[in-house]
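Worksheet for the structure shown next.
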Amino acid sequence: MKSEMAKTQIYQSVADLEAAIGQELGPTEWFTVDQSRVDGFADMTEDHQWIHVDPDRAADGAFGATVAHGFLTLSLIPYFVNALRRIQGVRMGVNYGLNKVRFPAPVRVGSRVRARTTMTELDRIGTDAVQLVTRTTVEVEGSAKPACVADLVSRYYY
């Protein structure tokens, strides 16, 4: 069976990034969200709400199963984006924040997710730095709605 994973795109300059604004990359390979990952995230964040960590109770809940934390889904975005693109030639890259995040659909434990990403804005913020906004959509296999849509803001220093 042939993989549908997109090739990792390499950007080596600001001009490369500017030329790529608006172009979608992806999808990534599928990634299974299992209960041990959800439990580990609950332990790290002290968020042990039953919809995440109690499969018996969650089976009778609104989603019919335990679901991943929205912030767990959000935290997978760097993994997905790194599979789709690399920005080379920079001294440093930093997460600067988020413009908008939404969680339209749950990620039931055992589901597979993948992502697509589009660089939507690039602003020069100095002679050797840029600010890049990247919209990433995390899809859930079999769901009409995405699990997460997030606009990440990054800064790259050349």
Rounded to the nearest 0.5 Å, how far does [atom2] of [Y] lie from [atom1] of [X]?
{"X": "Glu29", "Y": "Leu84", "atom1": "CD", "atom2": "CG", "value": "10.5 Å"}
{"X": "Gln23", "Y": "Thr120", "atom1": "CD", "atom2": "OG1", "value": "13.0 Å"}
{"X": "Ile77", "Y": "Leu98", "atom1": "CD1", "atom2": "CG", "value": "8.0 Å"}

Discussion item. List the residues meeting salt bridge (Lys or Arg N to Asp or Glu O under 4.0 Å) with Asp128, not counting sequence neighbours, and say none if there are none.
Written reply: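 Result, salt bridge (Lys or Arg N to Asp or Glu O under 4.0 Å) vs Asp128: Arg91.
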Indicate, with yes or no, if [Y] and [X] share a hydrophobic cluster defined by side-chain heavy-atom contacts under 4.5 Å among Ile, Leu, Val, Met, Phe, Trp and Tyr.
{"X": "Leu152", "Y": "Val113", "value": "yes"}
{"X": "Val130", "Y": "Val81", "value": "no"}
{"X": "Ile21", "Y": "Val14", "value": "yes"}
{"X": "Leu122", "Y": "Met119", "value": "yes"}

Discussion item. Starting from Tyr96 and following side-chain heavy-atom contacts under 4.5 Å between hydrophobic residues (I, L, V, M, F, W, Y), which residues can be reached?
Written reply: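 Tyr96 shares its hydrophobic cluster with Val133, Val153.
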Worksheet item: Can you list the other members of the hydrophobic cluster that holds Met44, where links are side-chain heavy atoms under 4.5 angstrom apart?
Response: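 Besides Met44, the cluster holds no residue at all.
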Worksheet item: Does Val101 reach the side chain of Leu74, with side-chain heavy atoms less than 4.5 Å apart?
Response: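 A side-chain contact exists here, since the closest heavy-atom pair is under 4.5 Å.
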Worksheet item: Can you find a heavy atom in the side chain of Tyr158 that is under 4.5 Å from one in the side chain of Ile87?
Response: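 A side-chain contact under 4.5 Å exists here.
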Kindly give the heavy-atom pair with the smallest separation between [X] and [Y], and that separation in Å.
{"X": "Ala58", "Y": "Trp50", "answer": "CA-CZ3, 3.7 Å"}
{"X": "Phe103", "Y": "Gly70", "answer": "CE2-O, 3.0 Å"}
{"X": "Ala68", "Y": "Val33", "answer": "CB-CG1, 4.0 Å"}
{"X": "Pro104", "Y": "Val149", "answer": "CD-N, 4.5 Å"}

Worksheet entry | Qualifying residues under side chain to side chain contact (heavy atoms under 4.5 Å, CB included), relative to Ile10, sequence neighbours excluded |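 Partners of Ile10 by the side chain to side chain contact (heavy atoms under 4.5 Å, CB included) criterion, ordered by chain and then number, come out as Thr8, Gln12, Arg86, Gln88.
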Practice prompt. Using the test side chain to side chain donor-acceptor pair (under 3.5 Å), find all partners of Gln9 that sit at least two apart in sequence or belong to another chain.
Written response: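 Residues passing side chain to side chain donor-acceptor pair (under 3.5 Å) with Gln9: none at all.
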Discussion item. Does Val107 form a side-chain contact (heavy atoms from CB on, under 4.5 Å) with Val67? I'd like the steps, not just the answer.
Written reply: CA-CA 5 Å; Val107 176; Val67 295; 5.8 Å; no
[X]: ring pair (Phe, Tyr, Trp, His ring centres under 6.0 Å) partners, not counting sequence neighbours:
{"X": "His52", "answer": "His69"}
{"X": "Tyr79", "answer": "Phe31"}
{"X": "Tyr156", "answer": "none"}

Discussion item. Taking salt bridge (Lys or Arg N to Asp or Glu O under 4.0 Å) as the cut-off, I'd like each qualifying pair that reaches into residues 52-74, sequence neighbours left out, listed once.
Written reply: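 For residues 52-74: none.
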Worksheet entry | Summary of salt bridge (Lys or Arg N to Asp or Glu O under 4.0 Å) pairs that have at least one residue in residues 64-85, sequence neighbours excluded |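 Not a single pair qualifies under salt bridge (Lys or Arg N to Asp or Glu O under 4.0 Å).
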Worksheet item: What pairs meet the side chain to side chain donor-acceptor pair (under 3.5 Å) rule with one or both residues in residues 35-47, with sequence neighbours excluded?
Response: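 Those involving residues 35-47 are Asp34-Ser36, Gln35-Asp39, Gln35-Thr66, Asp43-His48.
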Discussion item. Quick test of your reading: applying side chain to side chain donor-acceptor pair (under 3.5 Å), list the pairs with at least one residue in residues 136-152, sequence neighbours left out, ordered by first then second residue.
Written reply: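 Found Arg112-Glu141, Arg114-Glu139, Arg116-Glu139, Thr117-Thr136, Arg135-Asp151.
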